[in-house]
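Everything on this sheet refers to the single structure shown next.
Atom set for the values below is all heavy atoms of this structure, side chains included, hydrogens, waters and symmetry mates excluded. Everything quoted here is computed from the prediction, not taken from an experiment.
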Protein chains: 2
Amino acid sequence: MTEVLTVDHRRLEELAASMLAMQDVPEADAERIAACLVLADLRGLPSHGIARLPVYAERLRRGLVKPRPNLNLDEPTPVCARLDGDDGFGFVIATRAMDEAMERAQTYGIGMISAFRSTHFGMAACYLLQAVEKGFAAFIFTNASPAMPVWGGREPFLGTSPFAFAAPGTDKVPSIVLDMATSVVARGKIRRAAAKGEPIPEGWALDKEGNPTTDARAAYEGIVLPLAGPKGSGLSLMMEVMGGVMSGAAFAGRVGNQYKDFDAPQNVGHTFVAIRPDVFVGQDYAARMEELVRRAKSSTPIDAAQPVLMPGEPEALREAENRRKGVEMPADVAEALRQEASRLGIRIDDF
Amino acid sequence: MTEVLTVDHRRLEELAASMLAMQDVPEADAERIAACLVLADLRGLPSHGIARLPVYAERLRRGLVKPRPNLNLDEPTPVCARLDGDDGFGFVIATRAMDEAMERAQTYGIGMISAFRSTHFGMAACYLLQAVEKGFAAFIFTNASPAMPVWGGREPFLGTSPFAFAAPGTDKVPSIVLDMATSVVARGKIRRAAAKGEPIPEGWALDKEGNPTTDARAAYEGIVLPLAGPKGSGLSLMMEVMGGVMSGAAFAGRVGNQYKDFDAPQNVGHTFVAIRPDVFVGQDYAARMEELVRRAKSSTPIDAAQPVLMPGEPEALREAENRRKGVEMPADVAEALRQEASRLGIRIDDF
């Protein structure tokens with residue numbers, strides 16, 4: 001059993017922001033990155049949370065992520081633009097891209113921004129929430145380093161890139177926030193299980209030789225399987241097209257792995273589509289969305305103790321709880337943070 | 001065992017077009033509808049093929065589908081428009097909507113058309129192919145009559161609406177054409193199994209009382225389960241938002257069932273997004289797409305006899321074969337067609 005600490009999320013945000021700022025990341029960017037990381041922890045996705053800070057720091061030190069990228073926007077049409085991320089933090093590039101997409105959607109009903117020369121942007125839901133908080137629906141497409149076979153193949157080729165869609169709720173009903181890996185499970189879950197020495201269920205992954213395994217370490221060295229076979233494989237191929245082929249980023253198995261490839265920047269590609277959900281129905285949108293969510297949630301539950309929830313609602317409930325109770329952090333993650341902090345001359349006394 | 005006939009696809013197209021034209025459908029529309037139906041048969045999706053002609057004819061007779069709808073386009077922005085389908089054939093509305101989306105994408109890089117007061121549009125791939133043949137990537141969203149529970153619920157609420165994306169290939173590599181039901185299987189497959197009296201695998205559906213069943217009839221009367229639980233449920237909720245809430249169509253379980261609800265038009269909603277895939281990378285798109293597809297297809301196959309194929313490629317291969325060999329049609333489908341034809345005074349002698 002790994003010991004688990006509980007830490008207030010504000011403490012973690014402040015610590016992460018300080019650690020990034022000490023590595024020359026501008027303050028506002030450091031705060032945004034820290035907020036995105038801790039949001040993943042708050043929402044129950046620790047695989048995309050503060051546990052990644054040491055590897056981001058390492059990539060900064062090696063010059064594989066630039067603390068002060070020169071983001072450059074190319075605008076072939078008034079509705080579509082491409083952002084050169086200049087190997088900056090994916091968090092910063094994604095945040096800017098979603099803002100730009102929303103600005104265009106405000107005028108045109110829809111806006112599309114692709115980004116190339118980007119890096120891992122953490123939890124896609126972070127940018128979905130950015131959109132719904134401003135009243136926009138959004139799609140996010142990203143490619144990722146190879147971890148999953150194309151259906152019928154046995155080598156890692158596709159990323160486990162999430163499919164991400166959101167539509168804003170109202171003050172009466174929650175937003176729909178769908179952020180789902182195209183693999184059977186998020187690869188981060190296998191990595192966490194491997195770190196904890198825990199087994200994984202059958203059907204999640206193959207080992208290096210292409211054999212089924214329940215050993216998380218063998219699975220992490222091997223390949224995770226696509227969601228529902230050809231369907232997950234097809235969705236991930238879509239990410240390659242929308243994230244990589246279209247944007248000018250790396251693609252087709254050539255996106256660098258954050259944890260393994262230290263010879264070059266990752267060159268991840270993303271595409272962000274923002275939509276004004278009231279572009280056709282105007283102010284009826286709110287009432288229509290309320291009706292959809294209310295009717296869905298009033299379905300008779302299979303298990304009377306488990307009310308029907310919208311996509312993203314379990315995460316939102318967990319977030320609210322963790323904002324009160326603090327974020328759980330395994331002792332090994334805390335120790336890695338302490339070591340990383342001490343390299344920067346920051347001493348952590350309180351956890 | 002049901003007897004199976006083989007009929008040339010041109011014969012079926014001509015027959016379907018004649019039957020529709022005799023019911024006051026304009027010739028060009030009748031030909032488009034016939035081509036979409038037979039294309040589904042050619043591509044191995046008979047559940048969306050000519051077997052549906054009798055129910056379309058019945059809905060025409062009852063005035064629930066208008067043969068000559070007055071399609072009306074509302075254009076709130078230069079990039080987004082909404083099409084009032086006036087209860088016409090979904091095939092005709094979808095074809096027009098995709099054309100309008102492509103026209104806007106040609107100028108702006110992206111275009112979005114929502115349609116309301118539409119009806120069942122058959123196989124989504126039909127309009128994906130319309131887009132890739134003109135060099136556009138596309139997304140299609142549609143809602144559908146309730147057939148599937150929202151995750152955690154036990155009543156039919158969501159449609160088994162397909163997720164549909166395509167990106168154009170080149171003369172050297174096939175297009176990617178992803179058209180996948182958000183249910184474990186397309187509901188039409190259960191209907192076909194029920195018609196044939198064949199069992200279905202476990203895990204496809206629940207019966208009316210919410211119990212697992214392998215009886216296709218019980219399953220068709222019951223509910224089909226979403227793909228990968230909360231993920232398929234989330235994708236189908238997205239269809240409700242993008243197809244129904246946003247467009248002004250029926251939604252939240254209120255889209256009429258083509259086979260069961262004869263009191264009112266269906267009021268299905270769709271949204272079509274066309275994208276110029278070269279908007280950012282220009283003429284590099286073709287080479288990049290070729291590299292993606294070639295590299296994916298050169299994966300070492302798990303089964304040496306089964307080469308790795310792209311989404312839509314098995315269907316394209318089947319289509320090419322069936323264009324040569326003819327379309328297989330169960331005797332009961334042929335008989336239903338003969339009866340329908342004879343109501344219109346058309347005698348079928350050759351099958």
Side-chain angles (χ1 to χ4, degrees), chain A residues 74 76-80 82 107-110 112 114 137 149-155 157 165 167 176 178 180 210 227-228 230-231 234-235 237-238 240-241 244-248 251-253 275 277 279-281 284-285 288-289 291-292 295-296 299-303 306-311, chain B residues 74 76-80 82 107-110 112 114 137 149-155 157 165 167 176 178 180 210 227-228 230-231 234-235 237-238 240-241 244-248 251-253 275 277 279-281 284-285 288-289 291-292 295-296 299-303 306-311:
Chain A
D74 172 41
T77 86
V79 186
C80 299
R82 179 166 73 144
T107 305
Y108 291 99
I110 191 166
M112 178 171 79
S114 289
V150 62
W151 181 244
R154 62 162 77 232
E155 305 109 348
F157 179 77
F165 167 78
I176 288 177
L178 180 65
M180 52 178 251
L227 166 72
K231 294 185 178 185
L235 288 172
L237 274 165
M238 173 181 77
E240 285 290 334
V241 176
V245 170
M246 241 179 59
S247 72
F251 66 101
I275 295 173
V279 64
F280 301 125
V281 297
D284 288 352
Y285 172 77
R288 292 170 69 82
M289 190 66 182
E291 186 176 344
L292 174 62
R295 283 176 56 82
S299 291
T300 310
I302 286 182
D303 174 351
Q306 297 283 338
V308 170
L309 300 177
M310 292 296 94
Chain B
D74 173 40
T77 86
V79 186
C80 298
R82 179 166 73 144
T107 304
Y108 291 99
I110 191 167
M112 179 171 78
S114 289
V150 61
W151 180 242
R154 62 162 77 233
E155 306 109 350
F157 179 77
F165 166 78
I176 288 177
L178 180 65
M180 51 177 252
L227 166 70
K231 294 185 178 185
L235 288 172
L237 274 165
M238 172 181 78
E240 285 289 336
V241 175
V245 170
M246 241 179 58
S247 72
F251 66 102
I275 295 173
V279 65
F280 301 125
V281 297
D284 288 351
Y285 172 77
R288 292 171 69 83
M289 190 68 181
E291 186 178 341
L292 173 63
R295 283 176 56 81
S299 292
T300 311
I302 286 183
D303 174 352
Q306 298 282 338
V308 170
L309 300 177
M310 292 296 93

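With a 4.5 Å cut-off on non-hydrogen atoms, B/Leu227 touches chain A through its side chain but not through its backbone. Proximity to chain A (any heavy atom under 4.5 Å) is restricted, for B/Pro76, to the side chain, taken from C-beta onward. When heavy atoms are compared at a cutoff of 4.5 Å, A/Ile176 approaches chain B solely by way of its side chain, counted from C-beta outward. A/Leu178 touches chain B through its side chain: at least one heavy atom from C-beta onward sits under 4.5 Å away, while N, CA, C and O do not.
Looking at residues two or more places apart in sequence or on another chain, you find no ring pair (Phe, Tyr, Trp, His ring centres under 6.0 Å) involving B/Phe251. Every ring pair (Phe, Tyr, Trp, His ring centres under 6.0 Å) that A/Phe165 has, sequence neighbours left out, goes to A/Phe139.
Most heavy-atom pairs under 4.5 Å with chain B: of the set A/Gly244, A/Ala167, A/Ala252, this distinction falls to A/Ala252. The most heavy-atom pairs under 4.5 Å with chain B, out of A/Arg295, A/Glu155, A/Met180, A/Met289, come from A/Arg295. Of the residues considered (B/Pro311, B/Ala296, B/Pro78), B/Ala296 shows the highest number of contacts with chain A, using heavy-atom pairs under 4.5 Å.
A 4.5 Å side-chain heavy-atom check between A/Ile275 and B/Met246 finds at least one atom pair inside the cut-off.
A distance-only check finds a donor-acceptor pair linking the side chain of B/Arg288 to the backbone of A/Val245 [under 3.5 Å]. Listed for the A/Ser299 side chain is no donor-acceptor partner under 3.5 Å among the backbone atoms of B/Gly153. A donor-acceptor pair is defined here as one N or O able to donate and one able to accept, closer than 3.5 Å; no such pair exists between the side chain of A/Glu240 and the backbone of B/Leu292.
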